[in-house]
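Take a look at the structure below.
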Amino acid sequence: MSKKSKSKPKVYNPSAAITVNGNVKSSATSTKNGANVTYNMDPYEQAAYDYAGKSFYDNLGKINVFSNDTIKSLNDQVGAYLNQGLDVVNNTYTPMIRDMQNDIARRFGNTSNSMFMDNLNDIESKRAAAMSDLAQDVMAKRNELINNELSNRYNYLNFLNNYQNQVYSNMLQTLGVTNNLLNTNNSHLNNRTSSSNSSSGNTFSNTLGDVLNLASKTMGFFK
């Protein structure tokens with residue numbers, strides 16, 4: 001009859017840690033109820049993480065609100081674009097009108113003739129079309145500037161959010177590695193203990209088997 005050995009309670013390694021450049025980045029403490037795992041931010045990492053969170057919060061509520069300074073800046077850019085367009089139109093059509101006046105005056109002595117008026121009307125029609133195109137371009141430029149401003153703001157918020165998420169993800173991964181390291185240490189420790197107990201049990205069983213085998217052979221002599 002074999003004797004069953006009592007199972008011993010698990011043995012726990014008290015702690016495990018990950019160090020970076022001599023500083024403890026993450027640590028874990030083993031208990032009977034599980035593991036307590038800690039992640040340590042260095043001061044710069046903590047400051048950057050806090051800044052990203054605060055900046056995201058501060059800008060979220062006013063992302064679609066333009067301050068007076070922002071409006072002035074956009075209007076100044078639109079005004080500059082408009083003036084540049086006006087310069088192009090004027091530089092294109094004013095010399096044409098002046099050259100035509102000089103040519104008609106030289107040939108006919110004055111500009112009061114049908115040829116001049118027809119040519120003038122044609123130039124004015126083209127200039128009006130150019131001004132109309134310029135007005136549409138200015139509106140398109142205004143919308144482009146507004147969209148760029150909003151896009152930059154949303155990209156900034158996305159950057160802040162992604163940064164915090166990445167830090168959080170890295171923290172969870174580091175905590176997971178630390179916890180796995182602790183579990184591995186505990187597993188090896190308990191395997192050694194179990195192996196030691198198993199070896200002791202096998203010795204007892206083998207010895208008992210040898211005794212029974214010897215007794216069986218001895219009883220065979222009396223058959």
Side-chain angles (χ1 to χ4, degrees), residues 20 25 39-176:
V20 178
K25 194 66 178 176
Y39 181 84
N40 302 312
M41 286 187 176
D42 63 59
Y44 299 106
E45 185 181 11
Q46 183 71 58
Y49 184 83
D50 293 342
Y51 175 82
K54 185 177 184 305
S55 296
F56 184 89
Y57 174 80
D58 290 342
N59 288 277
L60 184 61
K62 55 185 180 182
I63 186 171
N64 292 323
V65 179
F66 290 171
S67 66
N68 292 333
D69 289 340
T70 300
I71 293 175
K72 182 179 183 304
S73 175
L74 294 176
N75 286 336
D76 289 345
Q77 294 179 69
V78 172
Y81 185 82
L82 173 61
N83 291 332
Q84 182 180 9
L86 289 174
D87 288 342
V88 172
V89 172
N90 291 329
N91 291 336
T92 300
Y93 291 99
T94 299
M96 293 174 60
I97 295 174
R98 184 175 59 248
D99 291 344
M100 185 182 61
Q101 289 175 332
N102 294 334
D103 182 59
I104 294 296
R106 184 173 57 253
R107 288 195 293 168
F108 301 101
N110 60 70
T111 57
S112 300
N113 59 72
S114 59
M115 179 183 296
F116 172 76
M117 296 305 297
D118 289 343
N119 290 337
L120 179 61
N121 289 335
D122 181 59
I123 293 175
E124 287 294 348
S125 177
K126 291 179 180 179
R127 182 165 65 173
M131 293 295 293
S132 177
D133 292 341
L134 175 60
Q136 295 181 24
D137 290 344
V138 169
M139 289 298 298
K141 184 64 175 181
R142 178 180 179 276
N143 292 334
E144 177 187 343
L145 292 172
I146 292 175
N147 290 334
N148 286 342
E149 176 68 22
L150 291 174
S151 178
N152 290 336
R153 293 184 178 193
Y154 278 99
N155 287 338
Y156 180 61
L157 286 186
N158 285 333
F159 165 76
L160 295 174
N161 187 52
N162 290 337
Y163 173 77
Q164 280 210 311
N165 288 340
Q166 186 60 54
V167 172
Y168 187 67
S169 176
N170 292 342
M171 179 177 64
L172 291 180
Q173 290 180 14
T174 304
L175 291 175

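Atom OH of Y156 is surrounded by more than 12 heavy atoms from other residues, nucleotides or ligands within 6.0 Å. Atom CG of N121 is surrounded by more than 12 heavy atoms from other residues, nucleotides or ligands within 6.0 Å.
Checking side-chain atoms of S169 against main-chain N and O of N165 turns up no donor-acceptor pair under 3.5 Å. Formation of a donor-acceptor pair under 3.5 Å by the T92 side chain with backbone atoms of V88 is found in this model. S151 places no side-chain N or O within 3.5 Å of a backbone atom of N147 that could act as its donor or acceptor partner.
Side-chain contact between F66 and L150 is present, with heavy atoms from C-beta onward closer than 4.5 Å. Proximity of I63 to N59: side-chain heavy atoms (C-beta onward) are nowhere separated by under 4.5 Å. Between F56 and Q164 there is no side-chain heavy-atom pair separated by less than 4.5 Å. Looking only at side-chain heavy atoms (C-beta outward), V89 and R127 come within less than 4.5 Å of each other. Put simply, the side chain of N148 reaches to within 4.5 Å of the side chain of E144, judged on heavy atoms.
Between Y93 and K126, the shortest heavy-atom distance links the atoms OH-O, 3.5 Å. Scanning all heavy atoms of the two residues, the minimum distance from M41 to Q46 falls at SD-OE1, 3.3 Å. Residues R153 and V65 come closest through the heavy atom pair NH1-O, 2.8 Å.
Separation of atoms CG (N75) and OG1 (T70) is listed at 11.0 Å; rounding is to 0.5 Å. Going from atom NZ of K141 over to atom CG of L74 covers 11.0 Å, rounded to the nearest 0.5 Å. Rounded to the nearest 0.5 Å, atoms CG (N91) and CG (L86) are 10.5 Å apart. Rounded to the nearest 0.5 Å, atoms OH (Y39) and CG (L175) are 8.0 Å apart. Summarising the geometry, atom CD belonging to E149 is positioned 9.5 Å from atom CD1 belonging to I146; distances are rounded to the nearest 0.5 Å. Atoms CG and CG, on L134 and D87 in that order, are 10.0 Å from each other to the nearest 0.5 Å.
With 3.5 Å as the limit, one finds no donor-acceptor pair spanning the side chains of N162 and Q166. Using modelled atom types and a 3.5 Å distance limit, the side chains of Y154 and N64 yield a donor-acceptor pair.
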_Between K54 and D50, does the salt bridge (Lys or Arg N to Asp or Glu O under 4.0 Å) criterion hold? Intermediate values first, please._
CA-CA 6 Å; K54 185 177 184 305; D50 293 342; over 6 Å; no
*Evaluation steps, side chain to side chain contact (heavy atoms under 4.5 Å, CB included), between E45 and K25*: CA-CA 12 Å; E45 185 181 11; K25 194 66 178 176; 2.7 Å; yes
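Taking the charged nitrogens against the carboxylate oxygens, K72 and D76 do have a contact shorter than 4.0 Å, which makes a salt bridge.
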